[in-house]
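Reviewing the structure listed below.
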Amino acid sequence: MAEEQTAGAAAAAGPTGQGCSGQHEVLQAVPAHGPHVLGTHQLPVGAAASQQPSWQQYSSVFTASKAGMQNVDKEKVKRVVFEMSKDSAHFKNEQRKQAQVDARIAQLKAKAASISQAELAAHQKAADAKLAQLEAGRDLSRTWLHADMDAFYASVEELDRPDLKSKPMAVGGMGMITTANYEARKFGVRSAMPGFIARKLCPQLAFVKPDFRKYEAASVATRGVFKVYDPHFEAGSLDEAYLDVTDYCAAHSMTGEQVAAELRAGVEAATRLTCSVGIAPNATLAKVASDLNKPNGQALVVSSREAVMAFVHDLPIRKVPGIGKVSEQTLNALGITTCGQLLQQRGLIAALFSSISARFFLGAGLGLGHTQHGGDRGDEGGAGGGSVVARKGISCERTFANMSSSADMEKMADNLVQHLAADMESEGIESKTLTLKLKTTDFAVRTRAVTLAGHVHTAQQMLPPILKLLRAELPCEIRLMGVRGSALRRLTSAGDALDAAAAGGRLNALQRMILQGRKQQQRGEAVEQQQGEQQDEQHCSMVISYRQLAQDLAIMRGSMPSMKQRLLRCHMTCLMMKTRQVLSAAAMVRLAQMARAH
DNA sequence: TACATACAC
DNA sequence: CATGGTGTATGTA
């Protein structure tokens with residue numbers, strides 16, 4: 001999730017300089033030339049108009065710093081993280097990787113230094129041509145939103161435990177934290193940080209074990225709202241989504257900002273959770289913007305070329321999705337820290353990087369991004385139509401206590417393969433290429449692959465090749481093993497009437513769900529020893545789903561009738577999909593009837 | 001195709 | 001005491 005991610009062991013919090021925690025924006029759009037519009041993006045109401053945008057204030061070393069962390073004692077965090085890390089195998093591996101990056105950067109700089117003026121001029125000319133081409137494809141006609149839930153997992157947990165709202169709390173365990181609430185962030189605690197370090201930073205930190213069922217249920221509720229504004233919205237993960245609201249804006253004579261405000265209110269009504277939204281002419285800028293006024297805020301990038309160019313001019317490159325820690329360091333070494341400099345140094349970029357990378361960097365310099373669902377590409381046209389991209393691989397991996405016995409390792413491989421086979425069957429896919437992944441106790445990763453004569457999907461088929469790959473690596477001491485299938489193909493299963501209907505493509509939505517549920521059930525029976533526990537859990541989950549539904553209905557009472565209806569319909573659809581693995585077909589029908597009745 | 005890396009979440 | 005799991009894309013050989 002965007003807001004939670006990117007902590008790196010050595011990273012500490014940077015200042016955002018903005019006291020936007022807890023503030024709410026007005027629901028109506030701020031007038032275009034009102035006092036709260038600064039440059040091209042909107043500051044939160046209540047922020048001083050003279051303040052600079054938060055992203056201009058961070059040190060580029062402390063990447064992805066967050067709202068709510070402006071008062072963190074950076075030096076202390078850095079010191080604690082270092083002290084707790086420095087002797088670990090993980091730290092040594094980080095140093096090894098960093099040395100590699102340094103070497104690559106040195107190589108790149110040498111190459112840059114060896115380029116003659118004439119060569120550079122030629123590259124610049126080529127870059128200009130590329131820029132003109134990119135510019136010609138610029139589309140400012142669409143309105144995109146990026147919605148990002150605030151501290152999602154932690155906020156969901158706070159619904160059940162309101163007492164935790166005022167205390168530092170993290171979702172995760174001693175090994176790894178997935179989300180920290182805003183109280184915890186004040187101590188420098190953040191996602192992707194090991195729990196034991198977080199506890200050192202904040203001894204009173206409350207740990208909550210992740211419960212993905214809860215987050216999925218909450219996510220389903222948010223998606224019910226998203227669907228109202230764009231039925232084809234793209235969910236990046238449980239907590240974020242991209243929406244093309246152009247049609248909705250036109251149909252309701254609303255601005256993107258108005259839609260964003262309404263959407264945020266809708267999400268909060270449906271879930272009691274807040275999100276932040278970016279509004280922009282493309283998906284990439286909308287994502288960048290959704291981070292600017294977090295939490296519970298929104299930010300606009302005006303749909304004009306000038307506004308986009310101005311927005312991007314001083315934007316740190318690290319803010320661009322796709323530019324991570326390594327790309328940032330690499331570009332920094334070339335004197336590039338902002339997107340504007342990506343354009344200034346276009347000759348150097350064209351000279352030093354592949355054409356794919358150069359196109360990406362130049363596009364970032366122009367503030368370009370996807371303006372169509374499905375990744376801007378008309379290809380990949382599978383049956384069933386449109387924006388759903390077929391998956392490329394499926395995998396299963398696990399970290400465990402250091403292991404060196406070959407018997408243990410083969411047992412682990414067997415386990416993982418069984419799991420993978422079950423997942424592949426429930427997904428209805430088979431694979432031609434198998435990959436074994438090992439992480440040795442010094443954190444070095446090895447992957448070993450084979451491409452087979454034909455496609456496989458059962459554990460019996462996949463285990464021997466995986467074991468062969470494994471035995472070739474022995475002896476070794478590992479902390480992680482993973483298996484992956486790629487070169488995928490749809491698995492066609494012959495069976496009963498329902499299967500025949502499936503083969504004929506004559507399934508309705510309900511039949512598809514029943515079929516899917518049956519596969520899940522078969523898979524469940526294969527691991528009978530776990531069934532007792534699981535049934536209890538499933539029953540529990542079903543009750544939760546119904547209760548969630550009742551709650552949502554209650555919340556929606558008193559809302560606008562049209563919105564209520566739409567929301568309910570979407571919610572029911574999602575709920576049915578969510579619960580299909582658990583409910584009987586009869587229960588699903590009952591749910592459908594309830595949905596129709598409303 | 002095989003492998004390593006980078007990146008997102 | 002102790003640093004995750006799943007998936008995509010890209011560079012290179």
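First the proteins, then the strands, lettered A, B, ... as listed; each starts at 1. Treat the numbers as computed from the prediction; the structure is a model and nothing was measured.
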Calculate the interatomic distance between [X] atom [atom1] and [N] atom [atom2]; express it in whole Å.
X         : N      : atom1 : atom2 : answer
Arg104(A) : dT5(B) : CZ    : C1'   : 8 Å
Leu480(A) : dG4(C) : CG    : C1'   : 9 Å
Tyr215(A) : dT6(C) : OH    : P     : 17 Å
Lys437(A) : dT6(C) : NZ    : P     : 9 Å
His370(A) : dA9(C) : NE2   : P     : 10 Å
Lys439(A) : dT5(B) : NZ    : P     : 13 Å
Glu397(A) : dT8(C) : CD    : C1'   : 14 Å
Gln98(A)  : dT5(B) : CD    : P     : 13 Å

Out of [options], whichever nucleotide has its closest atom nearest the side chain of [X]:
X         : options                 : result
Ser357(A) : dG11(C), dT3(C), dA2(B) : dG11(C)
Val326(A) : dC7(B), dG11(C), dC3(B) : dC7(B)
Val101(A) : dA8(B), dA6(B), dA2(C)  : dA6(B)

Any sub-3.5 Å donor-acceptor pair from Thr271(A)'s side-chain atoms to Thr222(A)'s backbone N or O?
-> no
Nearest-nucleotide 5' precedence on DNA chain B, Lys432(A) against Arg446(A) | Lys432(A)
Around atom CZ of Arg96(A), are there more than 12 heavy atoms of other residues, nucleotides or ligands at under 6.0 Å?
-> yes
Could you give me the CA-CA distance, side-chain angles and deciding distance for Tyr153(A) and Val208(A), then say whether side-chain contact (heavy atoms from CB on, under 4.5 Å) is met?
-> CA-CA 10 Å; Tyr153(A) 297 171; Val208(A) 175; over 6 Å; no
5' priority, DNA chain C, between Ile356(A) and Arg391(A) [closest heavy atom] = Arg391(A)
Return the 5'-most residue of the pair Ser395(A), Met176(A) with respect to DNA chain C, ranking by each residue's nearest nucleotide.
-> Met176(A)
Check whether any side-chain N or O of [X] sits under 4.0 Å from OP1 or OP2 of [N], and answer yes or no.
X         : N      : answer
Arg448(A) : dA4(B) : yes
Arg199(A) : dA2(C) : no
Arg484(A) : dG7(C) : no
Ser327(A) : dC7(B) : yes
Thr447(A) : dC3(B) : no
Lys392(A) : dA9(C) : yes

Looking only at N and O atoms, is any donor in the side chain of Ser354(A) or the base of dT10(C) less than 3.5 Å from an acceptor on the other one?
-> no
Face-on cation placement of Arg199(A) at Phe196(A) ring, 6.0 Å and 45° thresholds = no
Heavy-atom side-chain contact between Leu438(A) and Leu470(A) under 4.5 Å = yes
Would you indicate what Thr435(A) reaches in the nucleic acid, counting non-hydrogen atoms under 4.0 angstrom: base, sugar-phosphate, or nothing?
-> nothing
Would you mind checking if Glu397(A) and Arg484(A) are paired as a salt bridge, meaning a charged N to carboxylate O distance below 4.0 Å?
-> no
